[in-house]
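Sharing a structure here in structure tokens format.
Quick caveat: nothing in here was measured; it's all calculated off a predicted structure. Naming: A, B, ... by sequence-line order, numbering from 1 per chain.
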Number of protein chains: 2
Amino acid sequence: MTTRTAAERKADAKAQYNAFLAVCPSHQILGRVSGKWVALVLSALGSGPDCAGDARPMRYSELARVLAGVSPKMLSQTLRSLERDGLVSRTATATVPVTVSYELTALGLSLHHTVHQLKLWAERHRDDVAAHQDRYDAT
Amino acid sequence: MTTRTAAERKADAKAQYNAFLAVCPSHQILGRVSGKWVALVLSALGSGPDCAGDARPMRYSELARVLAGVSPKMLSQTLRSLERDGLVSRTATATVPVTVSYELTALGLSLHHTVHQLKLWAERHRDDVAAHQDRYDAT
DNA sequence: GAAAGTAGTTACTTTAAAGTGAGCTGCTAC
DNA sequence: GTAGCAGCTCACTTTAAAGTAACTACTTTC
């Protein structure tokens, strides 16, 4: 068959598009960064615990204290995925008890800077967005 | 009681942190942008259907064709939320049949530029990230 | 001797986002 | 007279991400 219905052509296009999305680097990165704790960890490691200083290594428990809402499961899951991507390095020291510290790699730091721009945008335009929302909801 | 157990203090800190996250502008924007279709719509409207040109208004059906995998529900939901935030403007023309076009506002265009930086990062570092993943998975 | 800090793991449950499929109105082309 | 385009909405189901709780094992402090 060379002739196909519109529905068939549409399904085909959709499959192709999904395949494209699966390998699209921008889409992958956006998916990674949009995890609930990813940006928070990146920010803590990249701008210090107060989110206003310089990058410095932090221990597991220190991160858990700063990101007050995170469960141990989510924290280690997030750190593991960032480590897998080469964005964070993990260093264990054999003290008693063991000390584990996490630090942004050069790659992680560069991603942090990029994500930080998004944050700056958000802070600059928060009032603007809120005003638009109020106007929209009023009608 | 002025003395509390560690568990109580932790629960308290968690509640406070969650309240903080709920109003944090960066977190809100990240949540908005990380919707599956948001970045895709932003990109289509901000860089043209081929994602390599200039911003220009597009019709509902044109967007649906370009974003081949999107369902009518998700497309209108996404457009509605972007419109609510003042990022996209909707213009209906009373032709037969009706013509509806969507266009980035100045605010939407500025967000598009910021998100675009993230995309450029992703494209620049995709190989680097993939290499780290392979090394990590091998061990 | 109960609780806290050290850095996690495992199994189970919840929930919010996304997907599916149908339907709507009015018109046109094959 | 079936199918298509145009621009949606509504109800239902699926699924992946996140949350919850419990447990590891060893040390130190109240």
Side-chain angles (χ1 to χ4, degrees), chain A residues 3-11 14-15 17-18 21-22 27-28 30-41 57-83 88 90-102, chain B residues 3-11 13-15 17-18 21-22 27-28 30-41 57-81 83 88 90-102:
Chain A
T3 56
R4 295 173 304 161
T5 65
E8 283 172 327
R9 269 179 282 118
K10 197 178 158 187
K14 186 172 165 175
Y17 196 70
N18 282 336
L21 280 185
H27 209 252
Q28 289 175 326
L30 216 62
R32 174 114 327 123
V33 169
S34 70
K36 180 162 178 187
W37 301 105
V38 175
L40 264 18
V41 169
M58 280 198 228
R59 299 176 58 179
Y60 179 88
S61 54
E62 195 178 1
L63 281 168
R65 225 173 304 120
V66 170
L67 280 56
V70 76
S71 67
K73 178 195 131 183
M74 287 313 293
L75 183 54
S76 60
Q77 200 176 94
T78 304
L79 288 167
R80 212 68 72 226
S81 82
L82 291 174
E83 194 193 349
V88 155
R90 178 184 185 273
T91 315
T93 316
T95 50
V96 172
V98 279
T99 306
V100 180
S101 84
Y102 294 92
Chain B
T3 56
R4 295 174 304 162
T5 65
E8 282 173 327
R9 268 181 282 118
K10 198 179 159 189
K14 187 172 165 175
Y17 195 71
N18 281 335
L21 280 185
H27 209 251
Q28 288 176 328
L30 215 63
R32 174 111 329 121
V33 169
S34 69
K36 179 162 178 186
W37 301 104
V38 175
L40 265 17
V41 168
M58 279 198 227
R59 299 177 58 178
Y60 179 90
S61 52
E62 196 178 359
L63 281 167
R65 225 173 305 119
V66 170
L67 279 58
V70 77
S71 67
K73 178 195 129 182
M74 288 313 293
L75 183 54
S76 60
Q77 200 175 94
T78 304
L79 288 167
R80 211 67 72 225
S81 80
E83 194 193 349
V88 154
R90 178 183 185 275
T91 315
T93 316
T95 49
V96 172
V98 278
T99 306
V100 180
S101 83
Y102 294 91

- Consecutive Watson-Crick or G-U pairs in runs of at least 3, all under 3.5 Å, in which DNA chain D is involved: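 C:1-30 with D:1-30 - these are the stems of 3 or more pairs that involve DNA chain D.
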- Task: Send over the distance from A:Arg80 CZ to C:dT10 C1', rounded to a whole Å.
- Result: 14 Å
- May I ask you to decide if A:Thr95's main-chain N or O and A:Thr99's side chain share a donor-acceptor pair within less than 3.5 Å?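 Looks like no, no N/O pair under 3.5 Å.
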- Message: Below the 4.0 Å mark, does D:dT9 have OP1 or OP2 next to a side-chain nitrogen or oxygen of B:Tyr60?
- Response: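 Answer is no, no contact under 4.0 Å.
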- Closer to the 5' end of DNA chain C via nearest nucleotide, is it B:Pro97 or A:Val100?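 Nearer the 5' end of the strand: A:Val100.
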- Query: The side chain of B:Ser61 lies closest to which of these nucleotides: D:dA6, D:dC8, C:dG8?
  - Reply: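 Of all the options, the side chain of B:Ser61 is nearest to D:dA6.
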- Please give, in whole Å, the distance from C:dT6 C1' to A:Arg90 CZ?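 In whole Å, C:dT6 C1' and A:Arg90 CZ are 12 Å from each other.
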- Item | Whole angstrom value for the distance that separates C1' of C:dA17 from CG of B:Leu30 | 16 Å
- Parallel, tilted or perpendicular: which fits the ring planes of A:Tyr17 and B:Trp37, with parallel below 30° and perpendicular above 60°? parallel
- Atom-to-atom span, CD of A:Glu83 to P of C:dA7 - whole angstrom: 15 Å
- Please report the shortest heavy-atom distance between B:Leu30 and A:Ala39, naming the atom on each side.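 Heavy atoms of B:Leu30 and A:Ala39 come nearest at CD2-CB, 3.4 Å.
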- Task: Mind checking B:Thr99 for me? I need base, sugar-phosphate or nothing, with any heavy atom below 4.0 Å counting as a touch.
- Result: sugar-phosphate
- Take the protein atom OH of B:Tyr17 and the nucleotide atom P of D:dA18, then report the distance between them rounded to whole Å. 14 Å
- Item | Over all atoms of both residues, closest heavy-atom pair of A:Val98 and A:Arg59 |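 Minimum heavy-atom contact is O-NH2, 4.3 Å.
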- Query: Which residues satisfy the salt bridge (charged side-chain N to carboxylate O under 4.0 Å, His left out) test with B:Arg80, sequence neighbours excluded?
  - Reply: B:Glu83
- Task: Return the value, rounded to whole Å, for the distance between atom CZ of A:Arg32 and atom P of D:dA16.
- Result: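 For the pair A:Arg32 CZ and D:dA16 P, the rounded distance is 15 Å.
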Could you list, one pair per line, each protein nitrogen or oxygen that sits under 3.5 Å from a nitrogen or oxygen of nucleotides 18-23 of chain C, together with the distance?
residue	atom	partner	partner atom	Å
C:dA18	OP1	B:Lys36	N	2.7
C:dG19	OP1	B:Lys36	NZ	2.4
C:dG19	OP2	B:Trp37	NE1	2.9
C:dG19	N7	B:Lys73	NZ	2.8
C:dG19	O6	B:Lys73	NZ	2.5
C:dT20	OP2	A:Lys14	NZ	2.8

- Task: State whether A:Ser76 places a side-chain N or O below 4.0 Å from either non-bridging phosphate oxygen (OP1 or OP2) of C:dG8.
- Result: no
- Item | Check: A:Pro72 main-chain N/O paired with A:Tyr60 side-chain donor or acceptor under 3.5 Å | yes
- Query: Between A:Arg32 and A:Val38, what is the shortest heavy-atom contact and its length?
  - Reply: O-CG2, 3.3 Å
- Message: Are B:Val70 and B:Leu40 packed together at the side-chain level, in the sense that at least one heavy-atom pair is separated by less than 4.5 angstrom?
- Response: no
- Item | Whole angstrom value for the distance that separates C1' of D:dA18 from CG of B:Leu21 | 14 Å
- Sugar-phosphate, base or nothing in reach of B:Arg9, heavy atoms under 4.0 Å: nothing
- How close or far is atom P of C:dG5 from atom CZ of A:Arg65, stated in whole angstroms?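 That distance rounds to 8 Å.
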- Nearest 0.5 Å, what's the NZ-OG distance between B:Lys36 and A:Ser34? 12.0 Å
